[in-house]
Amino acid sequence: MNLKFDVLPEKIIPVIEYNNILLLFDTGASTPVWCSGDARFIRKFPSARKMNYKFLLTGFGRSEEELLKFMKNPSSNEFQNYFADVYSIPDFVLTAKEGQIIWKNLNVAVTDRRFSGVHMILPYTMFGGMKLGFNQACANPEIIIESPKAIKYTFIKLNNKFSKSILQYIYSQDEQKQSLTKAMDIF
């Protein structure tokens with residue numbers, strides 16, 4: 001199945017408008033991030049449940065130096081600026097005229113740190129086992145998602161090197177059975 005979405009013409013990055021929210025497809029991200037605050041997230045995804053771990057917000061205009069300085073000496077005053085709550089959406093659905101794809105138990109970091117005018121960042125790790133394309137060779141650029149399956153199961157990798165568990169990244173696969181063999185330790 002191939003889902004096609006028109007990219008917003010005023011954006012030079014792959015952003016679509018979907019269900020009254022702006023979604024950015026980001027090949028450099030490792031977990032979905034909602035950038036429009038808790039209240040709006042809960043209104044949009046009322047069945048989401050808050051998880052008992054956080055996500056370390058890298059990027060968002062921060063330099064590597066700023067991040068390393070915080071990591072070496074994390075102060076409680078800055079904690080909110082660097083860590084986001086994580087919610088799990090039971091069924092995150094993208095629908096186009098060609099069909100739909102459902103991600104089961106999608107973990108999303110929720111923050112109020114605006115980023116490029118989008119509501120949510122969708123990372124490349126959501127599209128495991130799929131082909132994700134940004135077609136700029138046509139009059140109206142489009143995002144194309146090719147997936148052999150309509151249901152994707154999402155899983156998480158936690159980093160437990162801190163006093164609290166930190167969501168390190170998400171990944172998806174076609175089966176419910178979790179069998180990730182690689183380890184990514186970025187800290």
_Between Gln136 and Val7, does the side-chain contact (heavy atoms from CB on, under 4.5 Å) criterion hold? Intermediate values first, please._
CA-CA 9 Å; Gln136 296 175 302; Val7 172; over 6 Å; no

*asked:* With heavy-atom distances below 4.5 Å as the criterion, would you say the side chains of Asn135 and Lys4 are in contact?
replied: no

*Shared hydrophobic cluster for Ile144 and Tyr124 (ILVMFWY, side-chain gaps under 4.5 Å)*: no

*asked:* Just to verify, what does Phe25 make a ring-ring contact (aromatic ring centres under 6.0 Å, His included) with, not counting sequence neighbours?
replied: Phe127

*With Tyr153 via side chain to side chain donor-acceptor pair (under 3.5 Å) - residues at least two apart*: none

*For residues Ile143 and Ile16, report the shortest heavy-atom separation together with the two atoms involved.*
CG1-CG2, 4.0 Å

*Quick one: does Thr154's side chain get under 4.5 Å of Ser172's, heavy atoms only?*
yes

*Would you say Asn107 and Tyr53 make side-chain contact, with heavy atoms under 4.5 Å?*
yes

*Looking at residues at least two apart in the chain, or sitting in another chain, which of them share a side chain to side chain donor-acceptor pair (under 3.5 Å) with Thr27?*
none

*Where Val118 and Cys35 come nearest, the two heavy atoms and their spacing*: O-CB, 3.8 Å

_Apply side-chain contact (heavy atoms from CB on, under 4.5 Å) to residues Ile170 and Met126 and explain how you reach the verdict._
CA-CA 7 Å; Ile170 65 124; Met126 277 181 65; 3.6 Å; yes

_Heavy-atom side-chain proximity of Val33 to Phe55 below 4.5 angstrom_ = yes

*About how many Å separate NZ of Lys149 and CE of Met1, when rounded to the nearest 0.5 Å?*
10.5 Å

*Minimum-distance pair of heavy atoms, taken over all atoms of Thr31 and Pro123*: C-CG, 3.4 Å

*From Met51 atom CE to Leu167 atom CG, the distance as rounded to the nearest 0.5 Å*: 9.5 Å

*Measure the CD1-CG distance between Ile156 and Leu158 for me, rounded to the nearest 0.5 Å.*
4.0 Å

*asked:* So Lys152 and Ile102, do their side chains get closer than 4.5 Å, heavy atoms only?
replied: no

*Under the side chain to side chain donor-acceptor pair (under 3.5 Å) test, residues paired with Arg40 that sit two or more places apart*: His119

*Donor-acceptor pair, Ser147 side chain versus Met130 backbone, under 3.5 Å?*
no

Please set out all donor-acceptor pairs under 3.5 angstrom arising from side-chain atoms of residues 83-97, sequence neighbours excluded.
from: Asp85; atom 1: OD1; to: Lys54; atom 2: NZ; distance (Å): 2.3
from: Asp85; atom 1: OD2; to: Lys50; atom 2: NZ; distance (Å): 3.2
from: Asp91; atom 1: OD1; to: Lys104; atom 2: NZ; distance (Å): 2.7
from: Thr95; atom 1: OG1; to: Gln100; atom 2: OE1; distance (Å): 3.2

*Do Phe45 and Ile42 sit in the same hydrophobic cluster, where Ile, Leu, Val, Met, Phe, Trp and Tyr count as joined when their side-chain heavy atoms come under 4.5 Å apart?*
yes

_Interatomic distance, Leu23 atom CG to Trp34 atom CH2 [nearest 0.5 angstrom]_ = 8.0 Å

*Which residues pass the salt bridge (Lys or Arg N to Asp or Glu O under 4.0 Å) test with Asp112, sequence neighbours left out?*
Arg114

*asked:* Return the CD to CD1 distance between Glu146 and Ile101, rounded to the nearest 0.5 Å.
replied: 10.0 Å

*So how far is it from Leu24 CG to Leu8 CG, rounded to the nearest 0.5 Å?*
10.5 Å

*Same hydrophobic cluster for Leu132 and Phe134, using side-chain heavy-atom links shorter than 4.5 Å among ILVMFWY?*
yes

